[in-house]
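Taking it in order: structure first as structure tokens, then the write-up.
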Amino acid sequence: MLVSVLLWAALEMQRSPYATYQDVAQAQPVPFSHQHHVAGDGIDCRYCHTSVETSGFAGIPPTKTCMNCHSQIWTNAPLLEPVRESYRTGKSLMWTRVDYLPDFVYFDHSIHINKGVGCASCHGPVDKMPLTYAANSLQMEWCLNCHRAPEYFLRPRDQVFNMKYEQPSSDNPVKLADGSVFTDQIALGNELKHRYNVRSVEGITSCNTCHR
Amino acid sequence: MSQGPEEKTGLLDAPWQDEPPVLTPGQSYGSVTDQIADAVLTRPIGLGWLAGLAIGMGLVALLGAAVTYLFLVGVGIWGINIPVGWGFAIINFVWWIGIGHAGTLISAILLLLKQTWRNSINRFAEAMTLFAVACAGMFPLLHMGRPWLGYWMFPYPNSMGVWPQFRSPLVWDVFAVSTYATISAVFWYVGLVPDFATMREKAQSRYTKSIYGLLAMGWRGSARHWKRYEALYILLAGLATPLVLSVHTVVSFDFAISIVPGWHTTIFPPYFVAGAIYSGFAMVLVLAIPIRHFYGLQNMITMRHLQNSAKIMLATGLIVAYGYIFEAFIAFYSGSTYERFMMENRWFGPYAVFYWALILLNLVVPQVLWIPKVRANTTWLFLISLVILVGMWLERFIIIITSLSRDFLPSSWGHYVATRWDYAVFAGTLGFFAAAIFIFIRIMPAISIFEMRQLLPESEVKAK
Amino acid sequence: MSHKALSPAIYGLIAEFDTSTELVEAAQAAYAAGYRKMDAYSPFPIEEASDAIGFHKSRVPLVVLLGGLLGGLSGFGLQYWINVIAYPLNIGGKPYDSWPAFIVPTFEMTILFAGLSGMFGMFALNGLPMPYHPLFHVEQFSRVTRDKFFLCVEAADPKFDIVDTQRFMQSLKPVSIAEVPH
Amino acid sequence: MEKESPNKPEAVCPGKLELAEVKQKLARAKSGPQYWRSLEELAQTDGFYEMLHREFPRQASVWPEGSPRRDFLKLMSASMALAGLAGCVKLPLEPIVPYVRQPDEIVLGRPLFFASAMPFGAYATPVLVESHEGRPTKIEGNPDHPAGLGGSDVFAQASILDMYDPDRSQTITYRGAMSTWSAFTEALKGPLNSEKAVSGSGLRILSRPFSSPTMASLMEAVQAAYPESKWVKYEPVNRDNVRAGSQLAFGEFVETRYNLGKADIILSLDGDFLSSGFPGFLYYARTFAARRNPDLKEKMSRFYSVESTPTNTGGKADHRLPVRASEVAQVASAIAARLGVGSGATAKPEHQKFVTALVKDLQAHKGAAVVIPGDNQPPAVHALAHAMNAALGAVGNTVIYTDTVEVKPQIQTDALKELFGDMNAGKVDLLVILGSNPVYDAPADFEFAKAMDKVPLRVQYGLYQDETYDHVHWHINGTHYLEEWGDGHAFDGTVTITQPLVAPLYNAKSAYEFIFSLVGSSEMAGYDIVRKYWQGQMKGGDFDAAWRKAVHDGFVANTAFPSKNVSAKGPTLSPTTGDKGGAPDTEVMFRRDPLIYDGSRANNAWLQETPKPVINLCWDNAVLISPATAKKRGLVTGDVVEIDINGRKVKGPIWPQPAHPNDSITVFLGYGRTKGGRVADGVGFDAYEIRTSDAPWIANAKITKVGSGYGFADPQGFQYIDYSDLPKGTEPLKNRHIIRKATLADFIQNPNFAHEEEESVPPEMTLYYPYQYTELKWGMTIDMNSCIGCKTCIVACQAENNIPVVGKEQTMRGRQMQWLRVDTYYEGGTENPAVYYQPVPCQQCENAPCEVVCPVGATVHSTEGLNDMVYNRCVGTRYCSNNCPYKVRRFNFLLWQDWTTPQYKMMRNPEVSIRSRGVMEKCTYCIQRITHGRITAEKENRSVRDGEVITACQQACPAGAIVFGNLNDKDSRVSKIKAQQRNYSLLEDLNTRPRTTYMAVVQNPNPELEQSESS
């Protein structure tokens, strides 16, 4: 009895935000607001995360990228002092990672984007995050949800960076470049799986897909 | 189910021999009860006992130290390497598990075979089983590279979405050994309940009284209870019998399932089980002979028990011998070049001396048990039992080390040399076992009281 | 009639015997005399005794059987689900459903569940653990765990009458008779 | 810049396409200097270091023992239950440290490739260097380079570790105390001026020989500034004999180049041309292997080897004649005589048969035969070889003479002797030592240290504060070739450019900058020095373009030296024997170590731990002796003997080595370092102590037993495929069909020989339906006929896959970690056995025995047929290894990864998990490279091209013996090879169905000699 209770508690704890930091906003040197920059200013993800389409690593913007704008606007907002200081001294800003993967997991951004996995699918509604937090647990079982049934999540490539994108439904049909219209995610997903020739489920649930 | 001594029809009671009795005459319900219970309740703590316990505890401390160092530094402190990935840890595991088997055999199988003489030795035989399994159980965990992840062997819904790999004999081991441990414990405890009641009543101090009372769960010997109790007891025996056979079979699968020459053979299951009982009874004698001597239980654990055990050792020993012979025969009959080389390597290879020692200790020496005089001499029995225990340990050494050290590709042949840490851990478990036994005989009735009562002639209900 | 009122005050009457034979005979006699709510107590199991008091079959075997079945099915089910449905993996070129390999754990699970359900079933049916019982008040009853045999006729028995029953018990030539208070 | 080429595949390995991309990158970079400054600037920011240490998630471990987490877990592992749960639950927060200004060419998470060159001896070895975020992480061969042909050698592969070696000298010192560059230049002004006054008569520069034109120009500048000064070039493993030989033959120094591609008959006179470090090794290995393909039928070449110390070269010979080094001369002259060269001695009776058959064969192949003398053979033998080659009409066909690649060659020992004399005579006021370590490796009869101490001012420029360091005033820490600009000539003369991959870790000066500072009034950056020189050379046309191309390609096309007309002057004197000194008893043969060379590589743990070719000994040098002689003298393995050459003594342990000539011993140079670094020090014994200038290669010595019980680390368990030292009558190992071989003749009439004896298992023997691999299906073949046993693949694998080293003691316990091993088997007694090399990586069995027994499913099959090893799932039961018939799995018995040294963090390949204590690991077919190729292909909506994924071992193999690819693609090279009949799999009868298969050995013995084979 006691044993099973403890076991259950352990399993719960293991999945709890305490362990995964899911939905926990981290303190950052600069309280950077994705909400403001993405929703407000309408800046595209790729402006800062430059290598997301070409490399496994999405890329953290160098201080220079911040200064591109902030040398013009908010030039002396005290909030941005750390940024300016970093630029002056050449000392890097030390951000705290919010979307954390263990070191033995090899995640490649470019291929996911190429296969029509939206940023939001993993990172959540970044455009609604005043302070950034991990929207998902990023635990293996969570990854497997999609790797076992991609059709539930795929979206057209041109919608990958669209934060407003919603899955097709009768009142929200999704139109592909070639004009075909979908009102049902499964149908769309299967079509995209075919078009983007996504590997077989056995293939993308093979261990070496993520672990080396 | 109980029967008097006069109508003995047990397998092992050869009619042409006049047997010593199971229970010396002149006993009564009261006398057996008192004698057994008092050994625990009133008998003063002897120096011998203290010394024994001290030694045991000392070795347990050694075990603790060795294990701590092991976890901090890694299994590299042992002699294992590539190709010999398994060393003392697995040898000891198999050895201890084997020893456990005799206990279950006595308590379960002999019960089913209506061998009432087992009533006087089943209790501590079962205790022995439990402690041996506990010792064995440590090793699979200790020998892991990352023991703190040992729980991955059990199926539980983890956040990784992955499960144990059920094709692996190691997972079978996990199931078999844990089940075996559990069922043995159940069997043992169920058997103890009525005796705990006795202790409850006999105990003087409030303190001990309440403890035994707790354990007895309010047992009051109602006929209805006895009825259900007996039903369960028989059923447990019926469950434990296939279980005990399965456990060493599964352990032998660890080897038989693999493709290593010298491991990959179908004869392993029966020959492992036989070997297990062989070493198990050896351990029973190694324990029984001193206990009956020091606690003056000669009238309950009589020569009869010792002789029967000796006969069983002789029988199982011959099965084991058959195993050895057949291993060799198959090696050549199979025509497999690897098998042949394996056998020749055992005979002439770097570990040949151990092989021949094994043959001497396990096959040759025990043959003296054919001689009734030897079976009747406790000293001889004790020594032979020790010899067999060593021999059986060597058998596992031979199987594991020689087979691994020279397998398929000559380029990757290796050599295994145990380190002091290997010995430390082994000695530690021996100490743990000894300490456990010493404590057990001080706090629990070492002989099943209520089953002893059944051995008394007056326990019979005379139909008029 | 009058003293019938007293009957609830006590749990029952208990008679003490020296041998199992006497106990069994006593029990048979009591049963013949029409007593039903009674029980025999002995230091070791006596088959005849339970028969004598009219208790013929226990339900323990059934419990064990059900436990075993449950264990076996869940054992195999778990393995099948894991290997074929939850996460099929190519292990050394073996098929997902390599059932021969699943037999061992299935077997062990069967034994485990059967054994555990057996033990808990037995205790449950026996109403154990029961730290308190009226009989424990009876001084000589403590010897039931040593060398004495007892027959207890409970007051709850419709035919129970403190006087008649006592008289009847005397006829069984017990070593002693005692009232068992609540 | 990535935006410009979004779809370009990543340069995971230098196939054409990737190079094309690197080209673009460089073309786009405005011009060299700025391009590089960007990296230097980046290198100086703290951000850079912070990033190196923390940014890259791939700098990772098998969690839960990751670098930041390990301490935390150490605590936990004490109390298991806790560690168990907590360990699997709580992830610690990690910082991310971005750049401040990100250099254009760097795309986070994607490697770049740069061509460069490793100066080795007097030659430049072309390489291609992989760089992650500005950290060089892996050396590969440069496929475009005419002298490299894409292969590489152990030294190139291991050089990456040299660069990150924490023992490297990190600062300038004066009399042992930290100092600065400016202090040094100040301090030297005076002495230099006074030297100027006496036109440098007191200035001596001691350097290693080099081929760098720029350095040559600097050398001239020094001569100009200090006319009387002398520049001495010396290396202990020198080619004096070669030089002297060519002088004997031609009266001048010439470079000899062989064209094995044209050679039908090859005769080696102790010529070790198939081992790393031999000039032109890469080229020879590739061309030799090409001609050993039995499908060429009678065009397959035949190789005779007259050899003293057994080498992997001799192991490839169809006929090998083991003789003492001093006897080679005699055999050579006997052969020469038969060829009408010189009035040679007659061969010993036991050599007659060999010589006769050989000569016949040579004469039958005039114009297509070649004689290759060894560097350790006396000049006379070289002269003879030249003459023989002439007589065989080899010159112009299989032998080409050119100008020497080395700049201003000299007889180095003589030059050093002169310097020694001058120092003793007090003629030297200022001694500048450039990268050499004379105190350790100068001939014993020059007590160099003593002489040196007589020099008033001594300056050392070098990478290590080594033995010589104790005897100098100034020590200037030098740059590794990956940190400096430079140039050189490949063995064929091709101009080869060295470009830095990273700014000097300990901001050191390059040798060029250093020498320049001695002559130049002002200082100049290495880049400018080299570029300026070439600006002078590349006249006409657009220099910038030409220069960029040169830098990018790593070489200048068609700059190989033209062949030179020289004629051997007449029949040379017929030599008697090799150089000798000392009382005759046992002949000592000094040899450079096959792996740590002359000792300069001694601090490289990868090289130390790699088993030496053929000998399979690591972490030691030994006294090699033939088993027969050992028996005769009552010596057994591990006995310690004292070698006495004219009173100079050294003690070394005995190692009976099959195929070693009798009555002689071999000692490898380069061990017994005292100030070589944490790895080098105290390993082996120092043979330089008994090596004198008059007998640098062959000497006579007395050996006496002085001890015993020395323990060796020899990873390979058992080397005889036939009986030898197994109890007689035991089941013959031959029946395992591990090595399958035939003679060319047999092969031609029975191409299927490889499958005759085996009882191969029909696929239907299994109960189960075989798993269908529909997607990619990876497989590998290893051609044992091409494999030359040089072990380069092992080091390449170690570098690529972050494989730790375990040290001698652990290797002795049988816990070496290298994923790939090269099994070496002997057959036919110990006198002169046939030798076979068999590289064994994970066989990637389709019916993998290891997978079935893993209790946690840590090793399972992928849909591409890979036997995945999931480190992070492994609990370490080691059952998989027990059940692996090939024993290719490696286990982290202890914590062997170095988590603390920052240099190593920078060195590791970020694409590969770093395994920690308690987990199993093994060859993955370079899964990181496969994944890369697959993802790249998928992003371009195409299937993976053949040759797009190249494993590290395949890339490194100089002989091209390893081929990897997709078996579902019927046109892939690997499928084609697997279709051949020579193809077989190891332990086939176990029905493990390996994906790695072998091409059986086919030898091409001379029918006349066949009978006498196998002593």
Side-chain angles (χ1 to χ4, degrees), chain B residues 1-2 28-30 33 155 161-167 171-172 175-176 178-179 182-183 186-187 189-190 194 197-198 200-202 213-214 217-232 235-236 239-240 242-243 246 250 253 450-451 453-454 458-464, chain C residues 19-21 24-25 27 39-50 52-53 55 58 60-61 64 68 78-79 82-83 86-87 91-92 94 98 101-102 104-105 107-109 111-112 114-116 118-119 121-123 125-126 128-133 135-136 141-147:
Chain B
M1 65 145 280
S2 62
S28 74
Y29 296 136
T33 309
V162 290
W163 300 86
Q165 203 277 95
F166 282 95
R167 294 168 189 80
V171 172
W172 303 349
F175 277 80
S178 50
T179 303
T182 319
I183 296 299
V186 166
F187 202 82
Y189 178 68
V190 169
T198 308
R200 173 189 67 205
E201 302 303 340
K202 283 186 62 68
L214 226 57
M217 296 208 296
W219 183 265
R220 56 185 188 278
S222 142
R224 288 189 172 78
H225 292 183
W226 278 124
K227 175 93 178 171
R228 300 199 181 93
Y229 182 93
E230 286 289 292
L232 175 67
L235 281 168
L236 281 180
L239 289 171
L243 176 62
S246 85
V250 170
F253 282 166
F450 83 92
E451 285 171 297
R453 296 192 191 108
Q454 292 174 300
E458 59 265 46
S459 70
E460 273 317 284
V461 175
K462 318 233 172 358
K464 37 156 56 158
Chain C
T19 70
S20 48
T21 318
V24 173
E25 282 163 354
D39 205 339
Y41 299 88
S42 56
F44 53 86
I46 304 170
E47 267 167 295
E48 297 83 346
S50 52
I53 61 169
F55 180 72
S58 82
V60 173
V64 173
L78 178 75
Q79 297 180 73
I82 288 172
N83 286 285
Y87 206 149
I91 306 288
K94 301 233 183 305
S98 24
F102 303 160
V104 175
F107 171 79
E108 304 295 343
M109 290 286 277
I111 301 288
L112 183 65
L116 288 178
M119 177 178 75
M122 185 273 281
F123 286 129
L125 290 170
N126 283 354
L128 299 176
M130 185 182 283
Y132 170 80
H133 194 278
L135 284 170
F136 294 151
F141 184 73
S142 71
R143 294 186 65 178
V144 74
T145 63
R146 185 160 185 270
D147 53 1

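Letters A, B, ... are given to chains in the order of the sequence lines, protein chains preceding strands, and every chain is numbered from 1.
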If we ignore hydrogens and angles and just use 3.5 Å, is the side chain of [X] paired with the main-chain N or O of [Y] as donor and acceptor?
X        : Y        : result
B:Tyr229 : B:Gly221 : no
B:Arg200 : B:Leu214 : no
B:Trp172 : B:Phe166 : yes
C:Glu48  : C:Val24  : no

With only heavy atoms counted, which part of [X] is less than 4.5 Å from chain C, the side chain, the backbone, both or neither?
X        : answer
B:Leu236 : side chain
B:Pro194 : neither
B:Leu235 : side chain
B:Thr198 : both
B:Phe187 : neither
B:Thr182 : side chain
B:Gln165 : side chain

Report the option among [options] that has the most heavy-atom pairs separated by less than 4.5 Å from atoms of chain C.
options                                : answer
B:Ala223, B:Ala197, B:Ser178           : B:Ala223
B:Thr179, B:Val162, B:Leu239, B:Ile183 : B:Thr179
B:Lys227, B:Glu201, B:Arg224           : B:Arg224
B:Gly213, B:Ala231, B:Ser246, B:Pro164 : B:Ser246

Mind ranking C:Gly115, C:Gly121, C:Ala52, C:Ala49 by heavy-atom pairs under 4.5 Å with chain B and telling me who comes out on top?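 Ranked by contacts with chain B, first place is C:Gly115.
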I'd like to verify something: which residue of C:Asp39, C:Leu112, C:Leu128 has the highest number of heavy-atom pairs under 4.5 Å with chain B?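 Heavy-atom pairs under 4.5 Å are most numerous for C:Asp39.
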For [X], is it the side chain, the backbone, both or neither that has a heavy atom under 4.5 Å from a heavy atom of chain B?
X        : value
C:Leu135 : side chain
C:Asn83  : side chain
C:Thr19  : neither
C:Phe123 : side chain

Using the six-membered ring wherever Trp is involved, compare the ring planes of B:Trp219 and B:Trp226 and label them parallel, tilted or perpendicular (cut-offs 30° and 60°).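 Ring orientation, 0 to 90° scale: perpendicular.
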Where does the angle between the aromatic ring planes of C:Phe141 and C:Tyr41 fall among parallel (under 30°), tilted (30 to 60°) and perpendicular (over 60°)?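 Perpendicular, since the angle between the ring planes exceeds 60°.
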Atom pair NZ/CZ of B:Lys202 and C:Arg143 - distance to nearest 0.5 Å: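 Answer for the NZ-CZ pair, B:Lys202 versus C:Arg143, is 10.0 Å.
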Between C:Thr145 and C:Pro43, what is the shortest heavy-atom contact and its length?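 Heavy-atom minimum between the residues: C-CB, 4.3 Å.
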How close do B:Leu232 and C:Gly118 get, counting heavy atoms only, and between which atoms?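 The pair with the smallest heavy-atom distance is CD1-C, 3.5 Å.
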With the side chain counted from C-beta on, respond yes when C:Leu78 and B:Pro155 share a heavy-atom pair under 4.5 Å apart, and no when they do not.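 Yes; the side chains approach each other to less than 4.5 Å.
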Evaluate side-chain contact (heavy atoms from CB on, under 4.5 Å) for C:Met130 paired with B:Arg220, printing each intermediate quantity in order. CA-CA 10 Å; C:Met130 185 182 283; B:Arg220 56 185 188 278; 3.5 Å; yes
